[in-house]
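Below is one structure; the comments refer to it alone.
Ligands are counted one by one from 1 in listed order, and the atoms in each one are counted from 1 as well. Worth knowing before you read on, the calculation uses all heavy atoms, side chains too, and leaves out hydrogens, waters and symmetry mates.
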Amino acid sequence: MPENRCVQGIWTSPWLFILAASGSAVGLGNIWKFPYMVGENGGGAFLFVYLLCMLFVGLPVLIAEVALGRSVRANPIDTINDLHERHIINKAWVLVPYLAGLAGFLVLSFYSVIAGWALAFFERSLKGVFTETDEVQTQSVFQELISSPSEMMLWHSVFVVLVILAVGQSVTRGLAVLVKVLLPSLVLMLLGLSVYSVLVGDLDQTLSFLFSWKWNQITPNVVLAAVGHAFFSLSIGMGGMFAYAAYMSKHMSIARACSIVVGVDTLVAILAGLVVLPLVFALNINVDTGPSLTFISLPVAFGSLPGGQLVGSVFFLLLILAALTSAISMLELFVSWLHERFYISRLKASLLLGVGVWLLGFASLLSLNDWSDWTVFGYVLFDLLDKFTSLILLPVVALLLSVLVALNIPRSRLENELITRNPKHFKWWYNVLKFFSIPIMLVITITGWIGV
Ligand code: PHE
């Protein structure tokens, strides 16, 4: 075990890990990204593959990542070093947690730009800009924001400062408390909004879009998008869950905790889909509009709701907090490592990383306007970072971590770590990971490299 390792606190109640992990999983990925991904990828076909991916790839891989994270009780980099020093794994694996940390860093750079959009919409909602608005007006509000580097820069900076301050704290303190209030409020809000949306929106078209599909719609691109989004949505392959698992009580069943997280994450995404899509169809907005879909459709609903100014403001506030609890986990890997290994204070470590995120985010927001001519493989920097992380980096890291767990860690050690009361559950997980999730990720990774 590395000598200079100090664990920063253990979550005493099993629920605290579940809350923090759900806080990481539930975020912009569920509310902003999921509805437009469904829209862009043909509806039902994407949803079907996505749900299968969550169950047969996402869940087994999440369990593997958490089992690894809890085994040594240190940050991911020291955990892998420790396993190497004890001759359980080969030296080359030491690189994997750095790749995971890099993924978190890169994702945060564009994630904070989108969280900045939510901040900007929060401000507009407070001011009543969306009162009795229509989709043409909300589209121009969105367009105005995207074409203003200075405004996007302002909100991006505000969000990065919030992240630095939040990650600077010990995650075992405030985070779970925040998520405990946030998650039920978010679910309630989405439930209420989905009822409204179903009542005023086009439910028939939504249902046929989501549930009638043909096998030939399941193209390699749809599968790639679904797997990539499952990783993104469950925060897999970025080391955040791995890092949080170090704080998890040893008495807790990892399989149960992870199943709850996957369930909550899927529920929030489906609810968000049920809020956004009926409105999109009723307003005749193009369903494959892309990243602006949620930001254009929802304000129209808030504009026509009684008390919509307040409802809209509360919604955007919840969205910002959900983004914040996800963003915290993206930096946790490197921050916990710098703190435990080099005794740098958490605040200084997050400041150091936050400046890098801020600069890269600056470049990616400029790529949406002033630098939009500058492309790589036909993508502006913002899209490139999104595609590269979701379709390549996350699947690669997730694949490597899964191979590490399934093929390199002794089975008896895993059995002890997982604590499932029913031995059949362990077998189920182990076999699915080995014979299904890993081959699928292998194919996806190769297709991702060829196709992106
Ligand atoms: N899962 C988060 C979301 O859905 C995004 C995220 C990715 C969080 C990677 C942490 C790590 O918004």
Nitrogen or oxygen atoms of Ser235 and ligand 1 under 3.5 Å apart:
yes

With distance as the sole test, does Glu340 use its side chain to make a donor-acceptor pair with the main-chain N or O of Asn75 at under 3.5 Å?
yes

I need the atoms of ligand 1 closer than 4.0 Å to a non-hydrogen atom of Asn30, numbered in the order shown.
4 (O)

Non-hydrogen atoms of Ser24 versus ligand 1: any pair closer than 4.0 Å?
yes

Identified side-chain contact (heavy atoms from CB on, under 4.5 Å) partner of Trp93 from the options Asn81, Leu83, Val403, Leu401
Val403

Close N or O approach (Leu28, ligand 1; < 3.5 Å):
yes

To which of Met238, His229, Lys33 does the heavy atom nearest atom 11 (C) of ligand 1 belong?
Met238

Please lay out, stage by stage, how Val107 and Phe110 fare under the test side-chain contact (heavy atoms from CB on, under 4.5 Å).
CA-CA 6 Å; Val107 170; Phe110 69 88; 4.3 Å; yes

Is there a side-chain contact (heavy atoms from CB on, under 4.5 Å) between Leu145 and Trp117? Walk through the geometry before answering.
CA-CA 8 Å; Leu145 174 66; Trp117 298 350; 3.9 Å; yes

What are the two closest heavy atoms between Val198 and Leu203, and how far apart are they?
CG1-CD2, 3.7 Å

Does Tyr111 have a non-hydrogen atom less than 4.0 Å from ligand 1?
yes

Should Ala25 be listed as contacting ligand 1, given a heavy-atom distance under 4.0 Å as the test?
yes

